[in-house]
Amino acid sequence: MKMRLLATLKAEKPILSAPMGGAAGPDLVAAVCNAGGYGVIPLWGKPADQVVAGIDQLRALTDQNFSVNLNLSFPYREQLEACIDCGVHGVSLFWGMEPKAIARAKAAGLIVLMSVGSAAEARIAADAGADVIVAQGWEAGGHVWGQVSTMALIPAVVDAVDIPVVAAGGIADGRGMAAALMLGASGVWIGTRLLASREATIHDIYRSRLLEASEADTQWAHDLYDINWPDAPHRALGNSTSQAWTEAGCPAPGSRQNEKEVIGHRPNGEPVVRYQSYTPLPQTSGDVEAMSLWSGQGVAQVREIAPAADIIKEIYLDAKRRLEAASSVL
Ligand SMILES: Cc1cc2nc3c(=O)[nH]c(=O)nc-3n(C[C@H](O)[C@H](O)[C@H](O)COP(=O)(O)O)c2cc1C
């Protein structure tokens, strides 16, 4: 399966950069591709012409293969057709299950990476023709689809399907990668650790919080940052917004404190309100600390900023070393 994953992705290393809306732009994805990993660029939530522009931008930075990440709970059909017209290598589908979308992409010759949170979903995706399952554990940063931890999810998914499984959630170094491979995964999908890459497009305040945070500093919530994307559980660093909300007894949307308060502005001048689902960009202004600072529990392994290529190389070599050393222990 491990060789099958590399053959499917046409990549050298079984390390995929997690799509991270706002944070993982063309520079980060290209750096991962050019370092022998496999990049996934989030282009959902945009009209089809901007999807095409995003693909062109990335192609100008790398001649390697990559996938485009599309969100199944937002309009995605025109965006998928744009990916097909552009002849991208693959699509990564998340936040839902649409066998017809998988079948459409496959019929057009794309590879399909399907994100799931359970073995039952993995089976549906595999039956619909998906090439790779991305099993996202509850430790993950950003929006979290399932509620099973990576440790329990990966073996269950690996046992359920006959296609490669990529492990996501809480994997931030070579130890995590080695563990995921021992659980039967064929590769890993790295999010939070790559937020500390030089190429990630996040605000300095957000980056500093990540570098200082411990494994206990994130909070999973069903509907804390629900504005712009309701009913979508997520994990983020605790901050002044989450603290006040928790102290108030986690009131439901509509009865939270300061609900319409503008706490900052996007670089294009649009307001950012409290409880908005939004990744603070380098030029975001206002109270950045109070915004949704997405992070997984693996954040304790995020201790320095480095080029993405160095992070990929370090994780790969460390995992290799640890797997070789493990065989002499038992
Ligand atoms: C800032 C941020 C934004 C994210 N945006 C997306 C997204 O647009 N599409 C997606 O499929 N997953 C998204 N995710 C989830 C990641 O793809 C991935 O599953 C998660 O980061 C893995 O866990 P880790 O953060 O512990 O590595 C996001 C995660 C983060 C941290």
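Counting begins at 1 with the first residue of the sequence.
In this structure, Glu314 pairs ionically with Arg193, as a charged nitrogen and a carboxylate oxygen lie closer than 4.0 Å. Using a cut-off of 4.0 Å between Lys/Arg side-chain N and Asp/Glu carboxylate O, Asp226 and Arg256 are scored as salt-bridged. In summary, Arg104 and Glu81 engage in a salt bridge, as defined by a charged side-chain N under 4.0 Å from a carboxylate O. One finds a salt bridge joining Lys320 and Glu324 here, because a Lys/Arg side-chain nitrogen approaches an Asp/Glu carboxylate oxygen to under 4.0 Å. Ion pair Asp310/Lys313 not flagged as a salt bridge, since none of the NZ, NE, NH1 or NH2 atoms sits closer than 4.0 Å to an Asp/Glu carboxylate oxygen. The existence of a salt bridge linking Arg322 and Asp318 is confirmed by a sub-4.0 Å separation between a basic side-chain nitrogen and an acidic carboxylate oxygen.
Contact annotation: the side chain of Gln57 approaches that of Pro26 to within less than 4.5 Å [non-hydrogen atoms, C-beta and beyond]. The side-chain heavy atoms of Thr241 and Tyr275, taken from C-beta on, include a pair separated by under 4.5 Å. Residues Val188 and Leu16 are not in side-chain contact: their nearest non-hydrogen atoms beyond the backbone lie 4.5 Å or more apart. Contact check for Leu195 versus Tyr206: side-chain heavy atoms found under the 4.5 Å cut-off. Considering only heavy atoms from C-beta on, Leu110 comes within 4.5 Å of Val88 through its side chain. The shortest side-chain heavy-atom distance between Met177 and Pro14 falls under the 4.5 Å cut-off. Side-chain contact between Asn239 and Arg209: present, with at least one pair of heavy atoms (C-beta onward) separated by less than 4.5 Å. The closest side-chain heavy-atom distance from Ile202 to Leu210 is below 4.5 Å.
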Determine, stepwise, if the pair Trp145 / Trp220 fulfils ring pair (Phe, Tyr, Trp, His ring centres under 6.0 Å). CA-CA 11 Å; Trp145 178 245; Trp220 179 93; over 10 Å; no
Could you walk me through whether Gln219 and Thr246 pass the side chain to side chain donor-acceptor pair (under 3.5 Å) check? CA-CA 10 Å; Gln219 185 174 358; Thr246 305; 3.2 Å; yes
Give the C-alpha distance, both sets of side-chain angles, the deciding distance and a yes or no for side chain to side chain contact (heavy atoms under 4.5 Å, CB included) between Thr218 and Val299. CA-CA 9 Å; Thr218 73; Val299 68; 4.3 Å; yes
Step-by-step side chain to side chain contact (heavy atoms under 4.5 Å, CB included) determination, Trp44 to Ser92: CA-CA 10 Å; Trp44 59 272; Ser92 136; over 6 Å; no
Could you please spell out the steps behind the ring pair (Phe, Tyr, Trp, His ring centres under 6.0 Å) verdict for His143 and Phe94? CA-CA 10 Å; His143 288 83; Phe94 83 117; 8.0 Å; no
As a quick check of understanding, evaluate side chain to side chain contact (heavy atoms under 4.5 Å, CB included) for Phe66 and Val40, giving each step before the final call. CA-CA 6 Å; Phe66 58 83; Val40 185; over 6 Å; no
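Donor-acceptor pairing under 3.5 Å is recorded for the side chains of Thr284 and Tyr278. In this model, a donor atom of one side chain and an acceptor atom of the other lie less than 3.5 Å apart for Glu139 and Thr150. No side-chain N or O of His234 forms a donor-acceptor pair with one of Asp223 less than 3.5 Å apart. For Thr8 and Asp131, the side-chain atoms include no donor-acceptor pair closer than 3.5 Å. Side chains of Trp294 and Thr279: a donor-acceptor N/O pair is present below 3.5 angstrom, by distance only. In summary, the side chains of Ser17 and Tyr38 do not present any donor paired with an acceptor at a separation below 3.5 Å, with no hydrogens or angles considered. When only modelled atom types and interatomic distance are considered, Gln297 and Trp138 share no side-chain donor-acceptor pair under 3.5 Å.
Val166 and Ile124 fall into different hydrophobic clusters, where Ile, Leu, Val, Met, Phe, Trp and Tyr residues are linked whenever their side-chain heavy atoms come under 4.5 Å apart, directly or through other members. Linking Ile, Leu, Val, Met, Phe, Trp and Tyr whenever their side-chain heavy atoms come within less than 4.5 Å leaves Ile171 and Leu9 in two separate clusters. Val144 is not connected to Val116 by any chain of hydrophobic side-chain contacts under 4.5 Å among Ile, Leu, Val, Met, Phe, Trp and Tyr, and they are in different clusters. If you chain together hydrophobic residues whose side chains sit under 4.5 Å apart, Ile154 and Ile190 never meet in one group. In the hydrophobic clustering of this structure, Leu317 groups with Val32; members are Ile, Leu, Val, Met, Phe, Trp, Tyr whose side-chain heavy atoms approach within less than 4.5 Å, directly or through other members.
One finds the CG atom of Asn69 at 9.5 Å from the CD1 atom of Ile41 (value rounded to the nearest 0.5 Å). Rounding to the nearest 0.5 angstrom, the gap separating the CG atom in Leu323 from the CZ atom in Arg175 is 13.5 Å. Rounded to the nearest 0.5 Å, atoms CD1 (Ile163) and CE (Met114) are 11.0 Å apart. To the nearest 0.5 angstrom, Asn228 atom CG is 6.5 Å from Ser277 atom OG. Atoms CG and CZ, on Leu281 and Arg266 in that order, are 7.5 Å from each other to the nearest 0.5 Å. Atom CG of Asn65 is separated from atom NE2 of His89 by 4.0 Å, given to the nearest 0.5 angstrom.
In this structure, Asp162 places its CG atom where only 12 or fewer heavy-atom neighbours from other residues, nucleotides or ligands lie under 6.0 Å away. Few gaps surround CE on Met97; more than 12 heavy atoms of other groups in view lie less than 6.0 Å from it. The number of heavy-atom neighbours closer than 6.0 Å to CZ of Arg198, taken from other residues, nucleotides and ligands shown, is 12 or below. For Gln50, the CD atom sits in a packed shell: over 12 heavy atoms of surrounding residues, nucleotides or ligands are nearer than 6.0 Å.
Test Glu259, Glu261, Glu289 against Arg274 for salt bridge (Lys or Arg N to Asp or Glu O under 4.0 Å) and you get one pass: Glu261.
Across all their heavy atoms, Ser242 and Gly238 have their closest contact at OG-CA, 3.3 Å. Minimum interatomic distance between Ala213 and Asp217 (heavy atoms only, all atoms of both residues): CA-OD2, 3.5 Å. Here the closest non-hydrogen pair linking Leu194 and Ala308 is CD2-CB, 4.2 Å. The shortest heavy-atom contact between Leu113 and Ser67 is CD1-OG, 3.4 Å. The nearest pair of heavy atoms linking Pro280 to Leu293 is CG-CD2, 3.8 Å. Here the closest non-hydrogen pair linking Leu80 and Ala105 is CD1-CB, 4.1 Å.
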